[in-house]
Amino acid sequence: MATGRTEREESLDQLSTANPQLVPNPLEPGPVTTKLWRIPGVRRLLTIALLAEIGYAVLNISAMPVYLKFDRGFGESVIGLVVVSFLLSEALFKSPMGHLADRVGRKRLIVIGPAMTVLTAVLTLAVPRHWGYGETIAIMGLRALDGLGAAMLWPAAFALMSETVEDRKRQQAMSLLNLCYLVGVALALPLGGIANDLLGRWLDPWTGSRSPSLYFAAGLFLVAAVMAFRTLPSEREKRAQRSAAAAAGEGPDLSTVVTSLHTIPQYLLLAFVTFAGIGFPMTIIKLFAEDQFKMSESSFGLLVLPAVLAMAFLNAPMSALGDRIGRARAVHLGMGLCVLGLLVIASGMVIPAARNSLFLAIGGMPVGLGFLLAIPAWFASVAEIDPAKRAANLGAVMTAQGVGAMIGAPIGSLLYERLGPVGEVIGLGPDFGRYAPFAGCLLCITIGWLLSLRILHERRPGTA
């Protein structure tokens, strides 16, 4: 019996029945014609990610180094160990938490992660002072719990973002999450510093002059957790589908990392080396500004802020450039720009004329642009390796990144502390040690760039 329907219409019906996401509803505008940040699901997730990243950056980059040094009297090497406990925990748990997110859903972990850190940030202030090794161990334990919370949040957030948009928009979506990271780090420096400068003298008798930024971080995590709980979809159907698909697979344990070592070893190696470089200046950047340039916390943060706002303005053009040149070329070009900028900054280790804030700003520009170009393309490449294990692969790569940063951070702190006297002996002054972490960063990023040229290539159409 004739139905008046064409063969194409019947094929579309069959395709939509098998996978409704592949056939858009003609009555609803899809992400192809809508700017990503205008899609409600994308906008909500970006807001949560930005709040959480400001919180983590305030806690680990802005608040913790100065709080431990000035309020608790810790040395730089011990501060490096405290931050390493966060990085180690985050690295170890990101892959299992990514696999768990594939099983139980994204929302649950996005809520629990920040909620945990609300408690750990406040409990840090309750650790007794001058408690000997117990004080250090307690603070390291709390930072390990922070790392677990971050491991819950980020693989789930990246996977949810990847699923919220179609493939052709995935790199742009990753660039928006990357922008949240950059803006979060930049805003953390002035906001944490302003909180300490304004409220420090009032809280000094009770919890210390550098403690207000810890309260501020706890507040950010609370808002992020509540917003995630109230606004993100429950994903019941998607969670059931992922659980059924993973029923015969591996459990959420560290064996996922071992599996990834066999399936994507090149990606893990590149992630490890690159983020080892990022770890070198991670814990000392704020101490560097105070020691080298005699800047207050808020003044250094305000120095960084205009550059990051400019990066926010350039995020869309850089994302469009990455789409045009391809993901592999975007990683190559972006990491090359990072090498160029770090070469300018690290030259201050041996060239006294380069030891000023102008060189830091000039070198920071290509580094920022390089990150805008490379990181979204990098995560988009990882996300498309195997859609069925998207969160697990992202988690494994983030684990490799975390292990790299974990190794780089204490080495950078140790170089900062120990090479100052060496610089005095060889006639280069204490600045020799202060710039040493940036030289280590340059070395690792250069190796990562060379690895990317060898490992990452543009995929031919139709290849998996």
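These figures come from a predicted structure and were not determined experimentally.
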Subject >> Rounded distance [0.5 Å steps], CE in M227 versus CG in L51 >> reply: 7.0 Å

Original post:
Yes or no on ring pair (Phe, Tyr, Trp, His ring centres under 6.0 Å) for F438 and F280, after CA distance, side-chain angles and deciding distance?
Top reply: CA-CA 7 Å; F438 297 100; F280 270 79; over 10 Å; no

Subject >> Sidechain N-carboxylate O distance under 4.0 Å for K107, E163 >> reply: no

Subject >> Salt-bridge contact R72-E135 (side-chain N to carboxylate O under 4.0 Å) >> reply: yes

Original post:
Do other residues, nucleotides or ligands put more than 12 heavy atoms under 6.0 Å from R44 CZ?
Top reply: yes

Original post:
Looking at side-chain heavy atoms only, is the closest gap between M116 and L148 below 4.5 Å?
Top reply: yes

Original post:
Quick one: side-chain hydrogen bond (donor to acceptor under 3.5 Å, both in side chains) partners of R327, sequence neighbours excluded?
Top reply: Q171, E384

**OP:** Using the test side-chain hydrogen bond (donor to acceptor under 3.5 Å, both in side chains), find all partners of S85 that sit at least two apart in sequence or belong to another chain.
**Re:** none

**OP:** Would you please name every residue forming a ring-ring contact (aromatic ring centres under 6.0 Å, His included) with W378, sequence neighbours left out?
**Re:** Y267

**OP:** Output the distance between atom CG (L100) and atom CZ (R106), rounded to the nearest 0.5 Å.
**Re:** 10.5 Å

Original post:
Considering residues at least two apart in sequence or located in another chain, which fulfil the side chain to side chain contact (heavy atoms under 4.5 Å, CB included) criterion with A439?
Top reply: A346, M349

Original post:
Side chains of F74 and K69: does their closest heavy-atom pair fall under 4.5 Å?
Top reply: no

Subject >> Pair I110-M152, side chain to side chain contact (heavy atoms under 4.5 Å, CB included): steps then yes or no >> reply: CA-CA 6 Å; I110 294 175; M152 290 181 177; over 6 Å; no

Original post:
Passes side chain to side chain contact (heavy atoms under 4.5 Å, CB included), F379 versus M161? Steps please.
Top reply: CA-CA 11 Å; F379 280 120; M161 177 63 79; over 6 Å; no

Original post:
What distance separates M335 CE from I375 CD1, expressed to the nearest 0.5 Å?
Top reply: 8.0 Å

Original post:
If you look at every heavy atom in I54 and G184, which pair is closest and at what distance?
Top reply: CG1-CA, 3.5 Å

**OP:** Quick one: which residue pairs count as a salt bridge (charged side-chain N to carboxylate O under 4.0 Å, His left out) with a foot in residues 138-154, not counting sequence neighbours?
**Re:** R143-D146

**OP:** Decide whether S62 and S213 meet the rule of one side-chain donor and one side-chain acceptor closer than 3.5 Å.
**Re:** no

Original post:
What residues, two or more places apart in sequence or in another chain, satisfy side-chain hydrogen bond (donor to acceptor under 3.5 Å, both in side chains) together with T136?
Top reply: none

